[in-house]
Amino acid sequence: MYCLLYQFVHTKMQVEAWINEHVHNAFSAYLGSKKHVAIVTCTNSGIGYETAKVLGHIRFMKILACCNLNTGLNMFQVIKLDLSSFMLVQQFVAKFCKMYMQLNVLACNAGVAFGHCDMTYDRLEVQFSINFVGHYMLVAQLLDTLKATQGVHITVALSVATCMVHGLDYSWTTNVWCFSCFVNYSTGKLALLMFANKLAWQLCNCIITVNVFHPGLVAMGLYHNVLVSMLLGIHAFRQWLWLGQVDGAVTAVYLALAPELASKTSGYYACEQPAVMHTNAPNMAAQDQLCTFTNVLVKTNTHVPNVLDSINIKEKL
């Protein structure tokens, strides 16, 4: 229903007008200031690609687009980032911090969905690793740079799929026999939502905003592994019914640039409007347990036999 309404109510012209308005307001706000730096994850396609292009229109903002080197955004500096690897995240942060002393916008857009069961080198399920743990590590290691910068905006792309799970069951993240492409995707996105909510309150006194958004059902490669997508005509129908990539990026641009959000944090947005987040997201006990679990994952050599069993939290929160 949402897609049908959007399809008939909003035109491409209106979407472009919204984006141009955000760019104009941000351009005025940054006029005369020193160059700004942004990190946008997953800029090869989708929402990350469109977000990076919009940010590039602001003359005083230096764009740092990250995913792999074939982004098609040749006017920007690109540093390769693989969120599925602890080591490669550390290498990215080390390289970035050598070149820049500030970070004004961190757009966490990277994500994978509904793939086959696979494990990373660090022995984590791929969806949970990329959708949550990789971003957790990225933010944690950039924290000093973020705190040293005034007026930082952190935006996090989520999904309505967080509502598919009641709470976090950590056995889905480390036990291959529990794998479900839908549940694992939803678990990773819910974990990211809870972490963003906790981060927002931790940084509320540092002039750093952390806001999350659901872009809507966007026609992009994220869903190519879903079985129904292979049926004849589904792709064309989805391209017509679902939102385009530019449409999906509108809220991301809004959260990164809108002056009225300069002091608003811990929000959940859809179509540039506040929305209702998962009921477990503000659960402080669940947030603390999630961070404890993730810190052990990151700091411990996960290749040691049975180490994941020793930290696997069975209880659902």
Side-chain angles (χ1 to χ4, degrees), residues 22-23 25-43 48-49 51-69 71 73-83 85-110 133-157 195-196 198-212 252-259 261-266 291 295 298-299:
H22 294 319
V23 171
N25 293 338
F27 186 87
S28 300
Y30 293 130
L31 190 63
S33 63
K34 61 182 179 180
K35 288 186 177 181
H36 286 66
V37 181
I39 290 178
V40 183
T41 65
C42 195
T43 53
Y49 177 83
T51 302
K53 284 202 303 183
V54 172
L55 292 177
H57 291 309
I58 302 176
R59 186 170 58 188
F60 293 96
M61 183 170 283
K62 177 84 173 183
I63 304 301
L64 191 66
C66 314
C67 186
N68 65 49
L69 302 181
T71 63
L73 300 173
N74 298 325
M75 70 290 294
F76 305 139
Q77 180 174 3
V78 180
I79 302 178
K80 186 174 181 179
L81 171 64
D82 185 349
L83 290 168
S85 168
F86 294 172
M87 180 182 67
L88 294 180
V89 172
Q90 292 172 344
Q91 289 179 356
F92 167 82
V93 173
K95 188 172 183 178
F96 171 82
C97 291
K98 283 183 179 179
M99 295 187 293
Y100 299 98
M101 301 296 292
Q102 68 182 74
L103 177 56
N104 303 89
V105 174
L106 174 57
C108 300
N109 293 306
V133 180
H135 282 117
Y136 180 95
M137 285 191 64
L138 180 65
V139 172
Q141 294 181 28
L142 288 170
L143 211 52
D144 289 340
T145 303
L146 290 166
K147 289 180 178 179
T149 310
Q150 296 292 316
V152 177
H153 297 293
I154 301 176
T155 68
V156 181
F195 168 60
K198 181 179 178 64
L199 185 68
W201 290 109
Q202 286 180 333
L203 301 177
C204 63
N205 295 322
C206 301
I207 320 181
I208 298 175
T209 65
V210 184
N211 290 297
V212 301
V253 173
Y254 172 68
L255 296 181
L257 300 180
L261 296 180
S263 59
K264 294 183 179 180
T265 191
S266 190
C291 290
N295 285 334
V298 173
K299 293 179 181 178

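Note that these values count all heavy atoms, side chains included, but never hydrogens, waters or copies made by symmetry. Note that the coordinates shown come from a computational prediction; the quantities given were computed from them, not determined experimentally. The residues of the chain are indexed from 1 along the displayed sequence.
- Listed here is the closest heavy atom pair of V40 and G48: CG1-O, 3.5 Å.
- Between the CD1 atom of I79 and the CZ atom of F96 there is a distance of 7.5 Å, given to the nearest 0.5 Å.
- The side chain to side chain contact (heavy atoms under 4.5 Å, CB included) search around A200 returns V210, T265, S266, not counting sequence neighbours.
- The OG1 atom of T209 sits 8.0 Å away from atom CG of L255, with the distance rounded to the nearest 0.5 Å.
- Atom CG of residue L103 and atom CG of residue L146 lie 5.0 Å apart, to the nearest 0.5 angstrom.
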side-chain contact (heavy atoms from CB on, under 4.5 Å) evaluation trace for V133 with F86: CA-CA 9 Å; V133 180; F86 294 172; 3.6 Å; yes

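- Scanning both residues, A256 and H153, for their nearest heavy atoms gives O-CD2, 3.3 Å.
- Note that CG of L88 and NZ of K80 are 7.5 Å apart. Values are rounded to the nearest 0.5 Å.
- The two residues L83 and V89 come nearest to each other via the heavy atoms CA-CG2, 4.0 Å.
- Looking only at distances, no side-chain donor or acceptor of T51 sits under 3.5 Å from a matching main-chain atom of V253.
- Not counting sequence neighbours, the partners of Y136 by the ring-ring contact (aromatic ring centres under 6.0 Å, His included) test are F132, F195.
- A search for side chain to side chain contact (heavy atoms under 4.5 Å, CB included) contacts involving M87 returns S85, Q91, not counting sequence neighbours.
- A donor-acceptor contact shorter than 3.5 Å links the side chain of N104 to the backbone of V37.
- To the nearest 0.5 Å, atoms CG (L143) and CD1 (I208) are separated by 6.5 Å.
- Distance NE2/H36 to OH/Y100: 14.0 Å, rounded to 0.5 Å.
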